[in-house]
Chemist: 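This structure is in structure tokens; I'll ask about it shortly.
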There are 2 protein chains.
Amino acid sequence: MNIGDVATHTGLPAKTIRYYEEIGLITPQRELNGYRRFREQDLHKLNFLGRARALGFTIEDCRTLLALYEDETRASADVKRIARGHLAQIEAKIADLNAMRDTLSHLIDACAGDDRPDCPILQGLGGED
Amino acid sequence: MNIGDVATHTGLPAKTIRYYEEIGLITPQRELNGYRRFREQDLHKLNFLGRARALGFTIEDCRTLLALYEDETRASADVKRIARGHLAQIEAKIADLNAMRDTLSHLIDACAGDDRPDCPILQGLGGED
DNA sequence: CCTTGACCTTCCCGTGACTGGAACCCCTAT
DNA sequence: ATAGGGGTTCCAGTCACGGGAAGGTCAAGG
């Protein structure tokens, strides 16, 4: 299977697949003409990576998770620890964004949004409360 | 006022302040020895920028907002439009993160987290449902 | 007068996870 | 022979800074 077909099947851009090879997440074989040859296990790994990335895991987390995935003697506790760490980061980010949203939507609500210059949004940003 | 004092007063790192000058957000004067000299208006702008960045506005949004802030003849509608666009992005990101959190926390809940290899998290990432 | 240490300056590289583009090779069909 | 649609490598750019090197400036102390 060539990279274009793999991109179609996995939903990952060819550029991303090449990048994953470059950083050592996958190691597809090569044809005589230099083309990458992807096999079933490569597709499997790429799908794994796509799902992990979609859940927001970093590349380094993905690398670790992939190693655990391949390791039949892993302890599920190791996986769970990584996942919980990531979940905590997600929740922290959600909290940050919620705070931004609240502040911003209050400012927006207070703003007339017409052609006059008076603007509570700018006042808020300027430090005038 | 030198950059160190400004950093203390605004809470922005000196590196960030220099960067803001480099990209033209502020234009502090210079002393004879080459040191930046910050005046009241520079501090004001930097505080504005700090608040806008804390609300997650991009640098380019900040540039526009700052221009509107300085423009006494602005229409508040222009400000409101930018703010609403940004709010929409924040809300989209929150929705994404909520979806990630839900999926991830379900997987985590299903995982024993002990020393055995069975792991619903890895199964989920591997595509086995 | 010299040194020490805390400032300040510019410049360049690195971050994360790709994305875009250039220049070039390979294969098939016409 | 050529046209096109693959593929390849390599380089540069993204965003908003942060780290660190190499060196200039200034006030205080010995």
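So you know, we letter chains A, B, ... as the sequences are listed, proteins then strands, and number each from 1.
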Chemist: Between C:dT10, C:dC8, D:dT8, which nucleotide has the shortest distance from any of its atoms to the side chain of B:R36?
Modeler: C:dT10
Chemist: So if I define the base as every atom that isn't primed, P, OP1 or OP2, how would nucleotides 12-17 of chain D read as a B/S/- string at a heavy-atom cutoff under 4.0 Å?
Modeler: ----BB
Chemist: Could you tell me whether A:D78 and A:R81 make a salt bridge, using a distance below 4.0 angstrom between a side-chain N and a carboxylate O?
Modeler: yes
Chemist: With A:Y20, which residues qualify under ring-ring contact (aromatic ring centres under 6.0 Å, His included), at least two apart?
Modeler: none
Chemist: Rounded off to whole Å, could you give me the CG-to-P distance for the B:L32 and C:dT9 pair?
Modeler: 14 Å
Chemist: Do the non-hydrogen side-chain atoms of B:L125 and A:L49 ever get within less than 4.5 Å of each other?
Modeler: no
Chemist: Starting at atom CZ of B:F38, determine the distance to atom C1' of C:dT9, rounded to an integer number of angstrom.
Modeler: 12 Å
Chemist: Calculate the interatomic distance between A:R63 atom CZ and C:dA17 atom C1'; express it in whole Å.
Modeler: 12 Å
Chemist: May I ask you to evaluate whether A:N33 reaches the phosphate of C:dC27, defined as a side-chain N or O under 4.0 Å from OP1 or OP2?
Modeler: yes
Chemist: Categorize A:I23 for me: base, sugar-phosphate, or nothing, with a 4.0 angstrom heavy-atom threshold over every strand shown.
Modeler: nothing
Chemist: In whole angstrom, give the distance that lies between atom CG of A:D5 and atom P of C:dC27.
Modeler: 16 Å
Chemist: Are the side chain of A:D109 and the backbone of A:H106 linked by a donor-acceptor contact shorter than 3.5 Å?
Modeler: no
Chemist: Enter the distance from B:F38:CZ to B:T10:OG1 here, rounded to the nearest 0.5 Å.
Modeler: 8.5 Å
Chemist: For A:R37, answer base if it contacts any base atom (sugar-phosphate contacts may also be present), sugar-phosphate if it contacts only those atoms, and nothing otherwise; contact means non-hydrogen atoms under 4.0 Å.
Modeler: nothing
Chemist: Send over the distance from A:L12 CG to C:dT19 P, rounded to a whole Å.
Modeler: 10 Å
Chemist: Check A:E22, A:E21, A:E31 against A:R36 for a salt bridge (Lys or Arg N to Asp or Glu O under 4.0 Å) and give me the one that passes.
Modeler: A:E21
Chemist: Atom CZ of B:R18 and atom C1' of C:dT9: how far apart are they, to the nearest Å?
Modeler: 7 Å
Chemist: Which whole-number value in Å describes the distance from B:I3 CD1 to D:dT25 C1'?
Modeler: 15 Å
Chemist: B:S76 and A:D114: side-chain donor and acceptor closer than 3.5 Å?
Modeler: yes
Chemist: Could you check how far NZ of A:K93 sits from P of C:dG16, rounded to whole Å?
Modeler: 13 Å
Chemist: Hey, which of these two, A:Y35 or A:E21, hits DNA chain D nearer its 5' end, going by closest nucleotide?
Modeler: A:Y35
